[in-house]
Amino acid sequence: MSLPKNVTESQALPRDCTFSASDWQVLSPFWYPVAISEEVKDKPVPVKLPDVKLVCYRSRGQVVIARDLCFHRGAPLSKGWVENDEIVCPYHGFRYNCDGVCTAVPAHPASKISPKLKLITYPSIERYGFIWTSLAGTEPNLPAFAGWDDPDYLNVLPPGFDIAGSAGRQMEGFLDVSHFAFVHTETFGDRNNTEVPQYKVTREGSVLSADYWSTVSNYGKGQENPAPEGFMWLRAFRVFAPFAATLTVHFPNDGKLIILNFASPVSARYTRLFCPIARNFDKSVPIEEIVKFNLQVFQEDREMVESQTPEDLPLDLAAEAHIPADRTSIAYRQLLSELGLGRNYTS
Ligand code: FES
């Protein structure tokens with residue numbers, strides 16, 4: 001199939017695309033994390049970003065990201081291996097260097113190789129413990145994540161967390177402040193503390209900010225809670241469209257817990273959550289304990305995100321009912337609409 005003029009191979013709609021064509025065109029140029037840096041060595045790893053199958057590996061220590069497709073007979077390179085800094089296709093042994101150029105066709109070792117025999121490669125960067133890429137190779141514009149590079153903060157990197165739900169629904173759940181008392185009763189929520197005080201959402205450029213003050217504690221159930229009676233907890237949200245947000249929870253004694261929530265859209269109905277955490281207190285607590293607690297919180301949210309109807313996030317504000325507590329999610333839906341996503345952005 002030939003591509004329309006001015007559409008490069010890397011911008012063509014993927015096979016079996018689960019997004020509408022226009023939504024895919026809007027979402028695909030953004031930078032997304034695809035893997036945890038230290039998990040990618042010289043063994044090829046298959047990843048998917050919105051609906052495009054990619055292979056990720058290291059060659060000479062550098063990350064290589066390419067379409068997971070050998071153009072000889074369509075075999076997935078992620079089933080191959082890396083040898084002498086080149087990826088080897090598992091079907092007929094073609095080899096490709098880190099620029100994606102084919103360097104060997106074992107069936108015809110003496111023949112000249114067409115320079116057209118080349119993989120589609122993508123740019124990559126490593127940041128906040130992840131490998132990021134963009135299908136359109138646009139300028140990287142990653143969300144700010146204070147605390148990660150600050151020696152005063154402990155960095156925690158939970159494993160990538162898979163959700164059979166849309167990135168928009170997951171993001172909205174992260175921004176939702178009225179579900180703590182119902183969804184997170186096993187971890188930090190309090191069924192007797194349901195009221196959501198007024199709060200404001202402001203916007204600077206394309207970044208949303210919501211500073212939410214309440215008495216809902218962020219200490220885990222069973223944890224020592226040194227907060228004085230009536231302590232007001234500040235949860236400061238910053239939202240970066242389409243699928244990133246940070247939350248800074250202000251603990252007693254200037255303690256800060258900063259979470260980056262990045263919902264990477266594997267497809268319209270499948271999301272890989274990357275969620276690094278930085279905090280400047282209780283730094284001697286074993287990392288495994290912090291990861292375990294956060295995985296439990298993610299699991300509680302996942303059950304809801306995977307069962308909501310419709311599965312996609314309705315951007316038409318008339319499609320669902322709203323309450324004052326939903327201010328952030330309403331502003332988030334408006335932000336996604338402004339990007340050019342459809343009313344039901346994945347429909
Ligand atoms: Fe890759 Fe044949 S399919 S070498």
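Computed from a prediction, not measured in an experiment: that's the story for all the values here. Residues: numbered from 1 along the sequence shown. Read the numbers this way: they start at 1 and go in the same order the structure lists the ligands and their atoms.
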Query raised in the report: Any cation-pi pair here, R327 with Y199, using under 6.0 Å and within 45°?
Result: yes
**Report entry** Residue and atom names of protein N/O/S atoms that fall under 2.8 Å from atom 2 (Fe) of ligand 1
**Finding:** H72 ND1, H92 ND1
Report summary line: Those residues at least two apart in sequence (or on a different chain) that pass side-chain hydrogen bond (donor to acceptor under 3.5 Å, both in side chains) with R95 are E83, E86
Query raised in the report: When you check the side-chain N and O atoms of T187 and Q296, is any donor under 3.5 Å from an acceptor?
Result: no
Query raised in the report: Is a salt bridge present between D149 and R127, judged by a nitrogen-to-oxygen distance below 4.0 Å?
Result: yes
Query - Mutual orientation of the aromatic rings belonging to F94 and H72 [parallel < 30°, tilted 30-60°, perpendicular > 60°] - result: parallel
Query raised in the report: After noting the C-alpha distance and the side-chain angles of W233 and Y212, does the key distance pass the ring-ring contact (aromatic ring centres under 6.0 Å, His included) rule?
Result: CA-CA 8 Å; W233 290 80; Y212 173 61; over 10 Å; no
